[in-house]
Undergrad: 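One structure is given below, represented as structure tokens, and several questions about it will come after.
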Amino acid sequence: MSPLNMTTNNNVMDMFEKGNILKICAPMVRYSKLAFRSLVRKYDCDICFTPMIVAPDFLRSVKARDSEFTTNKADRPLIVQFAASDAQTLADAACVVAPFSDGVDLNCGCPQRWAMSEGYGACLINKPELVKDMVRHVRNQVDNPNYTTSIKIRIHKELRRTVDMCQKAEAAGVSWITVHGRTAEERHQPVHFDAIKTIKDSLSVPVIANGDIKSLQDVETTHQLTGVDGVMAARGLLANPAMFAGYNETPLECVWDWVDLATDQGTPFTCFHQHLIYMLERVCSQPERKVFNSLHSTAAVIDYLHSTYGLPDTLTTISLEMSLQWTTVACFLYAEIFILLLLCLPFISATRWQRIFQLNIWNRMAKFGNKVFIAMIIILIVFFFDAMREVKKYSGGQPNKNANLHPSTFDHLHMKLFRAQRNLYISGFSLFLWLLMRRVITLINQLATQSGNTAALQTQADNANLAAKKYMEDNELLKQTLMDRKGDKATAEGNELLRKEVEKCKEEQKASKEALKTSQSQLEAMKKQYDELTREYDRLLKEHQTLQESGDKKED
């Protein structure tokens, strides 16, 4: 499950009001997962369903939640389909996924024996009161008025029973109903479009048609025959994920889009390979299908695609482009370098920088300084570990160079590794310079403060020396006067006065010496702190060089 708490902002029901035929990716066990949903969304798919998730298992096991339900911020609008046999379990599961999706769907159409034996799937069409109760529970317990609750059904042999069930679900507040135009016993028989039309005419909520949608022309034909508000495709999208965009066969660009999405998201090889088998079924000959079906590694599949179908001209450019987030981080890195160079200009003193830092605009921003600093540290650390994960993934997935593979296979994987390493360096340098810049600014302020204190103490010492010199001159003059005078009394008085003046002078000299000593101690501490920072900078620089050398060795 995505770590982001993505609150639902979209109202899926608004999409029905636009008057267009909605094109929907059906829930498919093992297949309609995040990577495939991301692919069909690139080719005009309006809404995607997750694979059917068994609600009790989903609630009982954290492992089941993490493996069965994976999404991201771009995976919207998203409907989560559950298999459930009681209302409270379905409502609880809906509350768990509500922050990450736009609606839940109750599976009332799965004809598999295991599902029906557990009380799931198509057996629910024979329990209209239970379906009604389940819909009502979800509507009452999910705290989001825009969150949709829908059901996906098959039809009865007696169509009146299906219409009655749909009307009860409508009364309970169902958002829309998807109708697979076959009975639970039918598999590949023709779809009963007349039954779908009857259900559509009997309801005021939107109706989605499902069954035998294999091309964009089938979408138009189904709409004309039934008047439904949208169509849902399953096997047709597996064979041609670009079907809703008007392609009759899977285009090469779509195949390479799937390779990129699957490798980026870490799709297991079995799923990755099986999707390609479906996509290439219409364009491969029988011998080619046998060869392709026998491949057992991602590198071998990519090599086969390169050698058989070639590489789109745009792939290299797309692979090397930077995403918006990494472009932002790179710009932030350049800004850090510029600021550090500016702070190191020799003709701008620390005192002058301190006066600049004390301007009103910086004082207003100072209250947010620590929060911004910590936030940037967290963001850069997240980017750094994400880049490390990418480097590890593509470094570990490199095929053996001695293997008999097409050279473009290495180019494709090396481009991804290069991009991951580039992002690692950008985030690492940005984090390092952000910390260094904070430390440099702190030291500049400390140096400026210390310089100001030293100047004040030096002025005080100079004034004390001038006063002492004046006292010495006065004492010499007084001594000379006393020596010229006659009489022991005058001499004694003069000597006493001279002694007092000398003691006063010594006290002032002692105070001056102590002030100078304090200033020198502060200067020594500042010098020691500066030396420690220099040694720490040298150490970090050596560690970075070591990291860069290890990264270069991995790439080699």
Undergrad: Go through E118 and S85 one step at a time and tell me if the side-chain hydrogen bond (donor to acceptor under 3.5 Å, both in side chains) criterion holds.
TA: CA-CA 8 Å; E118 296 289 336; S85 58; over 6 Å; no

Undergrad: Which atoms form the tightest heavy-atom contact between M116 and C110, and what is the distance?
TA: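 Looks like CG-O, 3.8 Å.
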
Undergrad: Take atom CG of D14 as the centre, draw a 6.0 Å sphere, and report whether it contains more than 12 heavy atoms from other residues, nucleotides or ligands.
TA: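 Correct, the count exceeds 12.
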
Undergrad: Contact between T162 and I125 at the side-chain level, heavy atoms closer than 4.5 Å - yes or no?
TA: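 No. Closest side-chain heavy atoms not under 4.5 Å.
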
Undergrad: Measuring from atom CD of E281 to atom CD of E249, what distance do you get when rounded to the nearest 0.5 angstrom?
TA: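 Answer rounded to 0.5 Å: 11.5 Å.
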
Undergrad: Closest approach of T222 and A209, non-hydrogen atoms and distance?
TA: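 Looks like CG2-CB, 3.6 Å.
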
Undergrad: Could E129 and K168 be called an ion pair, given the rule that one side-chain N must be under 4.0 Å from one carboxylate O?
TA: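 Salt bridge between E129 and K168, a charged N being under 4.0 Å from a carboxylate O: yes.
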
Undergrad: Under the 3.5 angstrom rule, does the side chain of T50 hit a backbone N or O of Q81 as a donor-acceptor pair?
TA: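 Confirmed, T50 side chain pairs with Q81 backbone.
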
Undergrad: Scan side-chain atoms only and decide if Q167 and S202 contain a donor-acceptor pair under the 3.5 Å cut-off.
TA: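 No, no side-chain donor-acceptor pair sits under 3.5 Å.
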
Undergrad: How close do I79 and S150 get, heavy atom to heavy atom, and via which atoms?
TA: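 So the minimum-distance heavy-atom pair works out to CG2-OG, 4.4 Å.
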
Undergrad: Measuring from atom CG of L237 to atom SG of C48, what distance do you get when rounded to the nearest 0.5 angstrom?
TA: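 L237 atom CG to C48 atom SG measures 8.5 Å (nearest 0.5 Å).
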
Undergrad: Can you confirm whether the side chains of T178 and N210 place a donor and an acceptor under 3.5 Å from each other?
TA: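 No, because no side-chain N or O of T178 sits under 3.5 Å from a partner of the opposite role on N210.
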
Undergrad: Checking Q265 side chain against A35 main chain: does a donor-acceptor pair fall under 3.5 Å?
TA: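 Yes; at least one donor-acceptor contact below 3.5 Å.
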
Undergrad: Is there side-chain contact between I47 and V12, with heavy atoms separated by less than 4.5 Å?
TA: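 They are in contact (side-chain heavy atoms under 4.5 Å apart), so the answer is yes.
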
Undergrad: So does F292 get a backbone contact from the side chain of H273, meaning a donor-acceptor N/O pair under 3.5 Å?
TA: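 Such a contact is found between H273 side chain and F292 backbone.
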
Undergrad: Are any side-chain N or O atoms of W258 and backbone N or O atoms of F272, one a donor and one an acceptor, separated by less than 3.5 Å?
TA: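 Looks like yes, one N/O pair under 3.5 Å.
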
Undergrad: Between K42 and D257, is the closest basic N to carboxylate O distance under 4.0 Å?
TA: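 Salt bridge flag = yes for K42 with D257.
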
Undergrad: Over 60° means perpendicular and under 30° means parallel, so classify the ring planes of F100 and F69, tilted if in between.
TA: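 Plane angle over 60°, so perpendicular.
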
Undergrad: Does either side chain, that of S175 or that of R139, offer a donor lying less than 3.5 Å from an acceptor on the other one?
TA: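 R139 and S175 do have a side-chain donor-acceptor pair below 3.5 Å.
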
Undergrad: Do P51 and K33 come within less than 4.5 Å of each other through their side chains, counting heavy atoms only?
TA: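 Yes, close enough: below the 4.5 Å cut-off.
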
Undergrad: Please round to the nearest 0.5 Å and tell me the distance separating atom NZ of K23 and atom CD1 of I208.
TA: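 Between atom NZ of K23 and atom CD1 of I208 there are 11.5 Å.
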
Undergrad: Roughly how far, to the nearest 0.5 Å, is CZ of F332 from CZ of F429?
TA: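 If we round to the nearest 0.5 Å, F429:CZ and F332:CZ are 15.0 Å apart.
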
Undergrad: Is any side-chain N of the basic residue among D75 and R41 closer than 4.0 Å to the acidic one's carboxylate O?
TA: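 Answer for the salt bridge query: yes.
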
Undergrad: Apply side chain to side chain contact (heavy atoms under 4.5 Å, CB included) to residues L124 and L106 and explain how you reach the verdict.
TA: CA-CA 10 Å; L124 291 176; L106 175 62; 4.2 Å; yes

Undergrad: Apply side chain to side chain contact (heavy atoms under 4.5 Å, CB included) to M13 and N146, showing your working.
TA: CA-CA 8 Å; M13 299 308 297; N146 294 332; over 6 Å; no

Undergrad: For D229 and F16, indicate whether the former's side chain and the latter's backbone hold a donor-acceptor pair under 3.5 Å.
TA: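 Not at all, since once roles are kept as given, no pair shorter than 3.5 Å links the two residues.
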
Undergrad: If I compare all heavy atoms of F269 with all of V301, which pair ends up nearest, and what's the gap?
TA: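 Taking F269 first and V301 second, the nearest heavy atoms are CE1-CG2, 3.7 Å.
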
Undergrad: Looking at S117 and W114, would you say the former's side chain and the latter's main chain have a donor-acceptor pair under 3.5 Å?
TA: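 It does hold such a pair.
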
Undergrad: Please walk me through it: do Y31 and F36 pass ring pair (Phe, Tyr, Trp, His ring centres under 6.0 Å)?
TA: CA-CA 7 Å; Y31 294 120; F36 186 72; 8.0 Å; no

Undergrad: If only side-chain N and O atoms count, and only distance matters, is there a donor-acceptor pair under 3.5 Å linking T89 with D86?
TA: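 Side chains of D86 and T89: pair found under 3.5 Å.
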
Undergrad: For I21, does its backbone N or O pair with a side-chain atom of H223 as donor and acceptor, under 3.5 Å?
TA: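 No, because the side chain of H223 does not come within donor-acceptor range (under 3.5 Å) of the backbone of I21.
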
Undergrad: So does K197 pair up with D194, basic N to acidic O under 4.0 Å?
TA: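 Between D194 and K197 there is no salt bridge, as every charged N stays at least 4.0 Å from the carboxylate O atoms.
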
Undergrad: Does the pair N126 and H156 meet the rule for a side chain to side chain contact (heavy atoms under 4.5 Å, CB included), with working shown?
TA: CA-CA 9 Å; N126 298 317; H156 297 84; 3.4 Å; yes

Undergrad: Any non-hydrogen side-chain atom of V54 less than 4.5 Å from a side-chain atom of P56?
TA: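 The answer is yes; the side chains approach within 4.5 Å.
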
Undergrad: Any side-chain heavy atom of V259 within less than 4.5 Å of one from I302?
TA: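 In short, these two side chains touch, coming nearer than 4.5 Å.
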
Undergrad: Can Y147 and S101 be counted as having a side-chain donor-acceptor contact under 3.5 angstrom?
TA: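 Distance-only check passes for Y147 and S101.
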
Undergrad: Is any side-chain heavy atom of Y120 closer than 4.5 Å to one of N107?
TA: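 No; the side chains remain at least 4.5 Å from each other.
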
Undergrad: Determine whether D164 and R161 satisfy the following criterion, salt bridge (Lys or Arg N to Asp or Glu O under 4.0 Å), listing intermediate values before the conclusion.
TA: CA-CA 5 Å; D164 178 66; R161 296 177 61 194; over 6 Å; no

Undergrad: If you measure only the distance, is there a donor-acceptor pair under 3.5 Å linking the side chains of R282 and N248?
TA: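 Checked: R282/N248 side chains show no N/O donor-acceptor pair below 3.5 Å.
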
Undergrad: Indicate the atoms forming the closest heavy-atom contact of C166 with I199, along with that distance.
TA: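 Minimum heavy-atom separation between C166 and I199: SG-CG2, 4.0 Å.
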
Undergrad: Roughly how far apart are N72 CG and S38 OG, rounded to 0.5 Å?
TA: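 It comes to 5.5 Å.
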
Undergrad: Closer than 3.5 angstrom, by distance alone: can the side chain of D386 be matched with the main-chain N or O of V382 as a donor-acceptor pair?
TA: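 Such a contact is absent between D386 side chain and V382 backbone.
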
Undergrad: State, to 0.1 Å, how close A26 and F49 come at their nearest heavy-atom pair, and which atoms those are.
TA: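 Closest approach of A26 to F49: C-CB, 4.0 Å.
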
Undergrad: Over 60° means perpendicular and under 30° means parallel, so classify the ring planes of H306 and W256, tilted if in between.
TA: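 Ring orientation of W256 relative to H306: tilted.
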
Undergrad: With rounding to the nearest 0.5 angstrom, report the OG to CD1 distance, S430 to I426.
TA: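 Reported to 0.5 Å precision, the distance equals 7.0 Å.
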
Undergrad: Would a 4.5 Å heavy-atom cut-off, applied to side chains only, mark L280 and T250 as touching?
TA: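 They are not in contact (no side-chain heavy atoms under 4.5 Å apart), so the answer is no.
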
Undergrad: Could you go through R76 and D102, starting from their C-alpha distance and side-chain angles, then the distance that decides it, and tell me whether this counts as salt bridge (Lys or Arg N to Asp or Glu O under 4.0 Å)?
TA: CA-CA 7 Å; R76 310 297 282 273; D102 299 284; 2.9 Å; yes

Undergrad: Between N240 and Y247, does the side chain to side chain contact (heavy atoms under 4.5 Å, CB included) criterion hold? Intermediate values first, please.
TA: CA-CA 8 Å; N240 180 11; Y247 292 91; 4.1 Å; yes

Undergrad: Picking from R182, E185, E186, R187, what satisfies side-chain contact (heavy atoms from CB on, under 4.5 Å) with P111?
TA: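 Of the listed residues R182, E185, E186, R187, the side-chain contact (heavy atoms from CB on, under 4.5 Å) partner of P111 is R187.
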
Undergrad: Would you check if the side chain of S61 reaches a backbone N or O of F58 as a donor-acceptor pair within less than 3.5 Å?
TA: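 The answer is no, because no donor-acceptor pair under 3.5 Å joins these two groups.
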
Undergrad: Do the non-hydrogen side-chain atoms of T149 and R136 ever get within less than 4.5 Å of each other?
TA: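 Answer no - side chains too far apart.
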
Undergrad: Do the side chain of R154 and the main chain of A122 share a donor and acceptor less than 3.5 angstrom apart?
TA: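 No, R154 side chain to A122 backbone: no donor-acceptor pair under 3.5 Å.
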
